Structure formats: C-alpha cells, structure tokens
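Notes to accompany the following structure.
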Amino acid sequence: MGSSAMRSTRHAARLVLAAALACAACQGGNTYRASIPFEYPSRGAGPHAFRDVVVLSEGAEARVVSAAIVEVLQGLQFSVLTPPISGNAGIAPGQRWKTDVVSLPHDVVEAHNREAAGLVLPLDRYYSVEHEGTFTIEGSQIVLEVSSTLYARGALGSPSLYRGEYSSTFFGNRLKRLIHERLLRPRTG
Amino acid sequence: MKDRLQLTAVWLAGLAVALVLVEAYAWRRDAAGIRLLLPEDRAGLFKPLLALYGGYVGGLLAFWFVRPFKRPRKDGAMRMRFRIALACTLLFNLTILYLVGYRHLSAGSGGTLLDDVRLAQQTAVWLSFVVAPVNLYYFGIKPAKSAAA
C-alpha cells in the first residue's frame with residue numbers, strides 16, 4: 001500500500017516536471033537569436049575601409065549598438081517602453097528592452113507569408129506586433145535575442161493576442177537585418 | 001396574460017436581434033476584405049450584451065412564476081396603459097439595437113464594437129426609468145382574481 005502511494009507520488013512529480021519543461025519550451029519557443037559580427041578599426045587590413053563588415057570603436061560598442069536598435073525601432077514607429085530612453089541613456093548589454101504594440105503594414109504580412117511557408121497569416125484581419133529582447137557583446141559578435149508577439153483585430157475590433165501560428169524568425173530576422181544595415185552606415189552628427 | 005406575452009416577446013426578440021446583429025459583424029468584411037469582427041472576438045461582445053438583457057429578461061421570466069406585489073384597487077384604462085407599456089418597451093429595445101447595429105449602416109466612424117456595446121449597456125442603465133415601472137406593473141403585480149381563476 002505504502003509503495004503504491006510512493007509510486008503514484010513519483011508519477012505525479014514526473015508529470016509536473018514534464019509540464020513545467022513543456023511550458024518553458026513554449027515560452028522560449030518564439031525567441032529569435034542571431035549574431036552580427038563586427039571588427040575593431042585597428043584590426044582591419046591596413047588603412048582600407050572594411051566592406052560589409054560592421055566596424056565599432058573599442059569601448060563604444062554597447063553605445064553604438066544600443067543607438068542602432070533604438071533608431072531602427074523608432075524608424076518602424078515603435079516606442080521603446082523599457083528601459084526609458086532619454087539623452088545619453090540607452091539600452092545596456094543584457095538589459096531587456098520592450099516596445100509598444102504597432103500596426104503591421106499589409107506588405108509586411110504578405111512578406112511573412114512568402115518567407116514563412118506553412119505559417120500563413122490569414123489576410124482577413126489587421127495585425128500588430130510588439131518586440132522585446134536583449135543584446136550582448138560576445139567577443140567580436142553582437143548577439144541579439146528578440147521575441148515578437150503578434151496581435152490581430154477585425155476592422156471594428158480591438159487588438160487581441162493572435163493565437164494562430166506565425167514565424168517569430170521572420171520578425172526577428174527583419175529587425176536584425178535593419179540593425180545590421182544601420183550599423184554598416186557611418187554615423188552622422 | 002396576452003399583454004404580458006406580447007411584452008415578453010418584444011424583450012426576447014430584442015435579445016435575439018442584438019445577438020444576430022453582433023454575429024453578422026463576424027461574417028461581414030470591409031472594402032479591403034478585412035472582417036469587421038474576428039470570430040474569436042464574438043464572445044467578448046456577447047457577454048456584455050447578455051448581461052444587459054439578462055437583468056431585464058431574467059426578471060420578466062421570474063415574474064411569470066412569482067408575483068410579489070399586490071394589485072391596486074382601481075385598475076381602469078387597461079388598453080391605454082398597455083399601449084404606453086408597449087411604446088416604452090419598444091423605445092428601449094430599438095435604442096439598444098440601434099447602438100449595437102448602426103455599424104451595419106456605416107462602418108467607418110471610428111471606435112470599436114466593444115465601445116458600442118458598452119455605450120448600449122450604459123444607455124440601458126440610463127433608460128431603465130422608461131421600462132422599470134412597466135415591467136413592475138405587468139410582470140410583478142398579482143393578476144386580478146377573475147383572470148387568475
């Protein structure tokens with residue numbers, strides 16, 4: 001009788017552990033991770049400028065990457081809600097940033113459907129998205145982690161969490177591409 | 001008895017039409033092919049609508065079985081009283097149905113359907129004085145002995 005009770009307790013514990021692991025997997029499932037390689041100017045091939053390589057001054061990596069992320073997000077009409085961005089205060093490496101929810105243009109939804117075959121978003125609704133993520137500098141790599149949450153609404157509805165399948169990789173990749181392009185452009189001012 | 005049946009029918013029809021109006025939004029699309037209401041969002045509108053009508057219809061149905069108030073001694077002018085009761089009930093229900101359904105006539109006037117249903121809920125509270133005495137009289141008062149027999 002006692003061993004039977006212990007067996008069922010162990011079984012219940014295993015079930016709880018499995019459920020916890022499954023939940024952790026589904027929460028982390030929509031996180032996109034990618035890295036952008038960079039070089040320091042002193043380590044290039046002589047005095048010539050690098051082509052298609054991000055060049056960051058030593059000691060200024062975090063400030064430049066933070067500014068690029070904020071500029072790209074603001075260019076896409078997002079506001080960075082956390083951390084508060086003002087003056088010289090930007091996003092620190094490892095610090096979690098989060099945007100507000102912004103409508104997705106129709107052409108972005110169509111691009112998602114082209115690129116993420118099998119995860120087609122129905123075109124009978126409006127979509128909006130919010131991003132959150134972090135960046136870190138690891139050696140000569142800028143490591144980006146981005147989670148994208150999609151919302152949908154009808155023409156007369158309010159946005160609610162989209163419960164269908166979509167490609168977080170598409171949205172993460174879109175941000176990474178724009179941040180990469182921004183870092184390749186020489187900073188002005 | 002017939003008067004009460006007619007008034008009950010108006011209330012139940014009002015509830016049914018309101019639900020159909022909301023359901024119809026989920027089937028209609030705008031010029032760009034976007035659904036006016038996502039099917040999964042219907043429940044969010046049905047809930048306040050059922051709460052709105054539930055308070056009134058629930059009371060009426062309960063009064064079909066329990067009559068808590070005594071009938072006044074003098075009880076004349078029945079026909080005119082019923083006309084007033086019907087007019088008040090129709091005014092209330094048509095106002096609510098207009099607020100819930102006017103987007104079928106002109107969809108592009110800003111705001112959301114949930115805002116409309118909330119306004120309908122609030123309006124129902126404001127218009128309670130129109131239907132409360134009617135419901136109390138026709139549904140809450142004990143019938144005359146001859147009619148009850």
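Chain identifiers are assigned alphabetically (A, B, ...) following the order of the sequence lines, protein sequences preceding nucleic acid strands; residue numbering begins at 1 within each chain. Not measured: the values here are computed from a predicted model.
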Revision key, fill the gap. Closest non-hydrogen contact found for A:Leu123 with B:Ile34 is O-CD1, 3.6 Å

Which donor-acceptor pairs under 3.5 Å do side chains of residues 98-105 of chain A form with protein atoms, sequence neighbours excluded?
{"from": "A:Thr99", "atom 1": "OG1", "to": "A:His131", "atom 2": "N", "distance (Å)": "2.9"}
{"from": "A:Thr99", "atom 1": "OG1", "to": "A:His131", "atom 2": "O", "distance (Å)": "3.2"}
{"from": "A:Asp100", "atom 1": "OD1", "to": "A:Ser79", "atom 2": "N", "distance (Å)": "2.9"}

Review point. Is it true that B:Phe129 and B:Tyr56 fall in one hydrophobic cluster, defined by side-chain heavy atoms closer than 4.5 Å?
Key: yes

Practice item. Check whether B:Arg35 gets within reach of chain A through its side chain, its backbone, both or neither, counting any heavy atom under 4.5 Å. Key: both

Exercise for review: Side chain from CB out, backbone as N, CA, C, O: work out which of these in A:Arg163 comes under 4.5 Å of a heavy atom of chain B, or both, or neither.
Suggested key: neither

Check your understanding: A:Ser158 versus chain B, heavy atoms under 4.5 Å apart: side chain, backbone, both or neither?
Key -> both

**Study point:** Sorted by number, residues from residues 38-46 of chain B in contact with chain A (heavy atoms, under 4.5 Å)
**Key:** B:Leu38, B:Glu40, B:Asp41

Practice item. Check whether A:Tyr151 and A:Leu73 end up in the same hydrophobic cluster, where Ile, Leu, Val, Met, Phe, Trp and Tyr are linked by side-chain heavy atoms less than 4.5 Å apart. Key: no

Check your understanding: Of the options B:Leu114, B:Thr112, B:Leu113, B:Leu37, which is the one that meets A:Leu156 in a side chain to side chain contact (heavy atoms under 4.5 Å, CB included)?
Key -> B:Leu113

Check your understanding: Mind checking whether A:Val64 and A:Val54 sit in one hydrophobic cluster, side chains of I, L, V, M, F, W, Y counted as touching below 4.5 Å?
Key -> yes

Exercise for review: Not counting sequence neighbours, which residues clear side-chain hydrogen bond (donor to acceptor under 3.5 Å, both in side chains) with A:Tyr162? List them please.
Suggested key: none

Practice item. Could you state whether B:Leu90 and B:Trp126 fall into the same hydrophobic cluster, counting links through intermediate Ile, Leu, Val, Met, Phe, Trp or Tyr residues with side-chain heavy atoms under 4.5 angstrom apart? Key: no

Review point. In terms of hydrophobic clusters joined by side-chain contacts under 4.5 Å, are A:Val143 and A:Val72 together?
Key: no

Revision key, fill the gap. For A:Leu81, the other hydrophobic cluster members (4.5 Å side-chain criterion, sorted by chain and number) are none

